[in-house]
There are 2 protein chains.
Amino acid sequence: MARTDPEIGPAPPATERGRRTRRKLLDAATAEFGERGFHEASIASITQRAGVALGSFYTYFGSKEAIFRDLVRDLSDGVRFAAAQRLAERDLGALDTERAALSAFLEFAREHKEIYRIIDEAEFVDPQSYRDHYEKTAERILGRLRIGAGAGELRDDLEEAHAWAIMGMNVFLGLRYAVWADEDNAADGAERAALAANSILAEGIGPRPKTS
Amino acid sequence: MARTDPEIGPAPPATERGRRTRRKLLDAATAEFGERGFHEASIASITQRAGVALGSFYTYFGSKEAIFRDLVRDLSDGVRFAAAQRLAERDLGALDTERAALSAFLEFAREHKEIYRIIDEAEFVDPQSYRDHYEKTAERILGRLRIGAGAGELRDDLEEAHAWAIMGMNVFLGLRYAVWADEDNAADGAERAALAANSILAEGIGPRPKTS
DNA sequence: CTATAACTTGAAACATGGTTCAAGTTTCAA
DNA sequence: TTGAAACTTGAACCATGTTTCAAGTTATAG
């Protein structure tokens with residue numbers, strides 16, 4: 001669990017004013033990175049959006065990469081937190097939980113395409129955060145699978161690879177039916193995607209036994 | 001089917017020498033982009049690897065983006081072609097075909113991590129190629145599913161979303177167990193991944209009927 | 001109050017690397 | 001043989017945008 005990064009940039013803000021400014025920069029950066037991508041984004045534009053002088057940026061972040069890294073970690077935590085909360089609301093069976101998780105994710109991706117994009121771009125800008133994000137997400141999924149297996153609602157031989165498979169399904173369905181969707185049929189597409197995924201999880205793709 | 005891009009850059013090489021040089025640049029670019037990513041990569045370094053003068057680059061490609069675009073299309077075609085060939089060798093049942101496809105993909109990704117990376121980075125450098133790649137791939141998968149359904153080996157209600165779900169599984173398993181694998185247990189991990197995916201497709205994740 | 005730390009400012013320094021170009025060399029058809 | 005088109009060359013141009021910095025302002029502890 002040791003921090004890999006020995007170079008720790010600027011100290012955290014000591015005053016309320018400082019924290020506010022830092023937050024403004026982070027929010028501005030979310031918009032900027034989300035709209036233009038990491039490389040197109042400019043620090044000048046971020047500080048402008050934040051209503052802050054260019055130089056102030058370096059009071060809070062050591063570099064363009066640094067703010068991106070912080071951002072990805074923020075967003076990654078936020079996404080997982082939102083999802084967990086959403087699932088905690090109701091107590092569902094194992095398969096329904098997975099369906100709900102995917103639905104929540106699709107809805108979230110539809111509302112916050114920028115976030116989706118930022119996290120994905122981390123694969124190239126800050127690979128470590130990217131790995132961390134998906135590893136943590138896979139762990140969450142695996143945790144749910146284990147609970148389901150314990151309750152006898154799922155197979156009892158599910159392991160890491162199954163969690164990654166499910167995560168991959170979800171991510172690609174999100175890309176196709178949330179991020180790339182035309183706004184018109186977005187909700188509809190998301191619905192079909194969720195059903196398709198769930199039916200695979202429920203019964204696989206093999207031939208259906210004759211309708212009982 | 002109209003070409004979206006009216007600006008067509010340099011004309012294709014007219015002589016054998018020209019075609020050779022262009023190919024050298026493309027190969028060098030594969031290595032360069034694969035190792036350093038699009039933005040870290042430099043044209044100077046590409047021409048150096050190719051053993052060609054800097055200026056020659058612009059005889060064949062209009063810009064850094066242009067060569068990247070060409071490259072992605074090349075690689076995308078190559079990957080699909082290799083996969084198709086591999087599957088055509090033997091005539092397998094529908095489920096075994098999917099397993100074979102995933103195995104082939106994992107092996108390929110393990111051998112050519114650069115290619116995997118380049119195609120993925122296209123999401124940010126040249127979104128159109130990225131979409132094209134995955135849309136074509138999903139179509140291939142859907143085609144296989146339809147054949148399987150026609151033969152009564154698969155459910156007959158499989159549609160686009162199912163293909164995307166399967167593709168997502170494959171891509172993420174590839175990321176985790178081929179691209180990120182430590183070389184030691186790579187082959188083993190890939191094997192388990194393929195089994196996990198196939199078991200989901202075969203029977204879902206629901207509880208197993210008591211072992212007959 | 002007041003001294004010090006925290007924070008703000010924006011112009012200027014700086015680095016990088018994509019792109020152009022004018023001059024040379026090779027190829028090849030007529 | 002010869003002239004034009006295809007190709008090669010690498011130095012110089014140039015745009016861009018990150019980072020630094022020294023001077024000013026605001027907050028806060030003693």
Side-chain angles (χ1 to χ4, degrees), chain A residues 5 7-29 31-71 121 124-126, chain B residues 5 7-71 118 121 124-126:
Chain A
D5 201 352
E7 36 186 329
I8 1 167
T15 73
E16 187 49 35
R17 176 167 62 140
R19 277 185 291 276
R20 260 202 316 277
T21 303
R22 188 173 151 30
R23 170 76 0 229
K24 278 195 287 185
L25 286 168
L26 241 15
D27 291 343
E32 175 78 2
F33 286 137
E35 279 171 29
R36 326 223 305 201
F38 180 80
H39 296 279
E40 288 298 302
S42 85
I43 294 179
S45 174
I46 290 173
T47 53
Q48 230 168 320
R49 284 179 194 251
V52 157
L54 181 51
S56 288
F57 180 89
Y58 290 90
T59 304
Y60 300 101
F61 305 98
S63 67
K64 196 182 176 187
E65 277 76 16
I67 193 178
F68 188 86
R69 190 165 45 238
D70 285 6
L71 204 50
E121 193 165 16
F124 304 99
V125 176
D126 179 26
Chain B
D5 200 351
E7 37 186 327
I8 1 165
T15 72
E16 186 50 34
R17 175 166 64 140
R19 277 184 292 276
R20 258 202 317 275
T21 303
R22 196 183 126 96
R23 173 60 20 217
K24 277 196 286 184
L25 285 168
L26 240 17
D27 291 343
T30 307
E32 176 78 0
F33 287 137
E35 279 171 30
R36 325 224 304 201
F38 180 79
H39 296 280
E40 289 295 303
S42 86
I43 294 180
S45 173
I46 291 173
T47 53
Q48 229 168 320
R49 285 180 195 249
V52 158
L54 180 51
S56 288
F57 180 89
Y58 290 90
T59 303
Y60 300 100
F61 305 97
S63 66
K64 196 183 177 186
E65 277 77 17
I67 193 177
F68 188 86
R69 190 165 46 239
D70 285 5
L71 204 49
I118 291 171
E121 193 165 15
F124 304 97
V125 176
D126 179 28

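Quantities reported herein were computed from a predicted structural model and do not represent experimental measurements.
Note that the two end axes of the helix from dC1(C)-dG30(D) to dA30(C)-dT1(D) enclose an angle of 10°, each drawn from 5 base pairs, rounded to 10 degrees.
Listed in residue order, the members of residues 27-47 of chain B having a heavy atom less than 4.0 Å from DNA chain C are A41(B), S42(B), I43(B).
Take S45(B) and apply the side-chain hydrogen bond (donor to acceptor under 3.5 Å, both in side chains) test, not counting sequence neighbours, and it matches E32(B). Not a single side-chain hydrogen bond (donor to acceptor under 3.5 Å, both in side chains) links R20(A) to another residue, sequence neighbours left out. Contacts of R17(A) classified as side-chain hydrogen bond (donor to acceptor under 3.5 Å, both in side chains), with partners at least two apart in sequence or in another chain: none. The salt bridge (Lys or Arg N to Asp or Glu O under 4.0 Å) test applied to E35(B) returns R49(B), not counting sequence neighbours. Residues that satisfy the side-chain hydrogen bond (donor to acceptor under 3.5 Å, both in side chains) test with Q48(A), not counting sequence neighbours, are absent from this structure. For F124(A), the ring-ring contact (aromatic ring centres under 6.0 Å, His included) criterion is met by no residue, not counting sequence neighbours. Looking at residues two or more places apart in sequence or on another chain, you find a ring-ring contact (aromatic ring centres under 6.0 Å, His included) between F57(A) and F61(A). In this view, E65(A) satisfies the salt bridge (Lys or Arg N to Asp or Glu O under 4.0 Å) rule with no residue, not counting sequence neighbours.
Distance, Y58(B) OH to dG17(C) P: 13 Å, rounded to whole Å. Note: CD1 (I67(B)) to P (dT19(C)) measures 12 Å, nearest angstrom.
Sorted pairs that involve residues 12-31 of chain B and meet ring pair (Phe, Tyr, Trp, His ring centres under 6.0 Å), not counting sequence neighbours, are lacking altogether.
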Check the interface with nucleotides 7-16 of chain D: list each N/O to N/O pair with the protein under 3.5 Å, or write none.
| unit_1 | atom_1 | unit_2 | atom_2 | d |
| --- | --- | --- | --- | --- |
| dC7(D) | OP1 | A14(B) | N | 2.8 |
| dC7(D) | OP1 | T15(B) | N | 3.0 |
| dC7(D) | OP1 | T15(B) | OG1 | 3.1 |
| dT8(D) | OP1 | T21(B) | OG1 | 2.6 |
| dT8(D) | OP2 | Y60(B) | OH | 2.6 |
| dT9(D) | OP2 | A53(B) | N | 3.0 |
| dG10(D) | N7 | G55(B) | N | 3.0 |

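Remark: L71(B) CG to D27(B) CG distance equals 9.0 Å, nearest 0.5 Å.
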